[in-house]
Amino acid sequence: MNQPLISVIVPCFNVEKQIDRCLKSLTEQTLDKSFYEIIAINDDSEDKTFDKLVEWEKKFPSLISVITYDENQRQGGARNQGIAIAKGEYLAFVDSDDFVNIHLYQEVKNIIDKHRYDEILIKGTNVNHIKSEDISFIEKSMKTLEHSKTRQDLAVEHKRIENFFDYHLPSYGNNGNLFFTSHIYKKALFTDNDIAFPVKCAYEDNYLTKVISLYIKDTYLIDEIFYFYCENLSSTVNSNNASHHLDRLDIELAVLEYYKLVGAFSLFKKELEWPFIEFFYLNTLYILFTKFDKLPDIYNFMRDEVYKNFPDFAKNENFNKVSKRQKLLLELLKSKVDVTPEELQKIQIAYLKSIINSK
């Protein structure tokens, strides 16, 4: 039997109600089944997810492989497990509560046959407005291939800077959105550069995309919606008063440490500065203000890390291009003052009022 071209990795945790829809879309692909494999990882589920996975594996023993273990590794650890046994030249990631168009991987193979791009991007759309029992919509979304008249596929060769690549996409076309699961990577990017997802933490995909981008020399963007993202309102990123939201701080710092370790920080310091301010500082404060009743004592740590890594952040051209709410937070950061949780809570109240008043 030939090696598969694409390994589809599906981390699963407590998705007994959604997994059938996901695997149905993957097993009904128009691509010949000899060209792909499905690796489903049961991440210590507490419901009947594992039983359902076993049923699917029995139906498609040559297509589906199921891994299970007794300690929850979160999505990063589950994906690492899948990568470790993947046989494909390319790795695709699908979340177990999402589904895809059945023509997706045939379309991807068509691109690969023309050129072995390091990365292929597919468009997705959020379908939260669709009820899970709306089978007609799901079936149509899975099976209909409607190439947009204005489809603008995009092939990009990334500029080489010493040993790394300046990853930049000049345009995203005009259809759909990009999620982490939009990325289909050459497996060699992981194995040749010893890259893995962080384990047992949230926001692991933020780390992966920023680190692996150093090694991607070319990208092909398919300007067509093939992926259907179903946001789970009880998922990690949507939960309130949860300490794992602070994982995003560790993740952003880990990205900087990786860049420093491989000698890329000095090369990309200017490009890294504003995304760090956004993800590490502004976005984290937004999450703290909107998802926490009692704020953790974290502000002074955040301020110190910003100044340690980007002491001249206030000179960044984006500093004055933000909203009024963000500008106030940046001015607070610029002042260098210590802020207690009680003082930060007063800022939180004003911040939330400004959001309400703007609606």
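- Sorted by first then second residue, the salt bridge (Lys or Arg N to Asp or Glu O under 4.0 Å) pairs that include residues 261-274, not counting sequence neighbours, number zero.
- Proximity of V8 to I39: side-chain heavy atoms (C-beta onward) are nowhere separated by under 4.5 Å.
- Cation-pi geometry between K260 and F265 is met: the NZ or CZ atom falls under 6.0 Å from the ring centre, inside 45° of the normal.
- The CD atom of Q18 lies 8.5 Å from the CD atom of E16; values are rounded to the nearest 0.5 Å.
- Screening N42, T49, D44 for a side chain to side chain donor-acceptor pair (under 3.5 Å) involving T68 leaves a single residue, N42.
- Applying side chain to side chain contact (heavy atoms under 4.5 Å, CB included) to Y185 and the options I83, I216, D118 leaves one that passes, I216.
- Two rings, from F313 and Y307, have their centers less than 6.0 Å apart.
- Outside the 6.0 Å centre-distance limit, the rings of Y105 and F35 are not counted as a close aromatic pair.
- Residue K48 qualifies as open at atom NZ: its count of foreign heavy atoms under 6.0 Å is 12 or below.
- For the pair R79 and F197, the cation sits on the ring face: its NZ or CZ lies under 6.0 Å from the ring centre, inside 45° of the axis.
- Between R74 and D43, no side-chain nitrogen of the basic residue sits less than 4.0 Å from a carboxylate oxygen of the acidic one, so the salt-bridge criterion is not met.
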Candidate pair C12 and I41, rule side chain to side chain contact (heavy atoms under 4.5 Å, CB included), full reasoning: CA-CA 6 Å; C12 305; I41 305 96; over 6 Å; no
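- Both cation-pi conditions hold for K210 and F279: the charged atom is under 6.0 angstrom from the six-membered ring centre and inside a 45 degree cone around its axis.
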Worked check of ring-ring contact (aromatic ring centres under 6.0 Å, His included) between F165 and Y215: CA-CA 6 Å; F165 293 93; Y215 306 102; 8.4 Å; no
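- Legend: residues meeting side chain to side chain donor-acceptor pair (under 3.5 Å) with D194, ordered by chain and number and at least two apart, are absent.
- For the pair K123 and F226, the NZ or CZ position fails the cation-pi test of under 6.0 Å to the six-membered ring centre and within 45 degrees of the ring normal.
- K109 has a carboxylate O that lies under 4.0 Å from a charged side-chain N of D113, or vice versa, which qualifies the two as a salt bridge.
- The side chain to side chain donor-acceptor pair (under 3.5 Å) test applied to Y286 returns no partner, not counting sequence neighbours.
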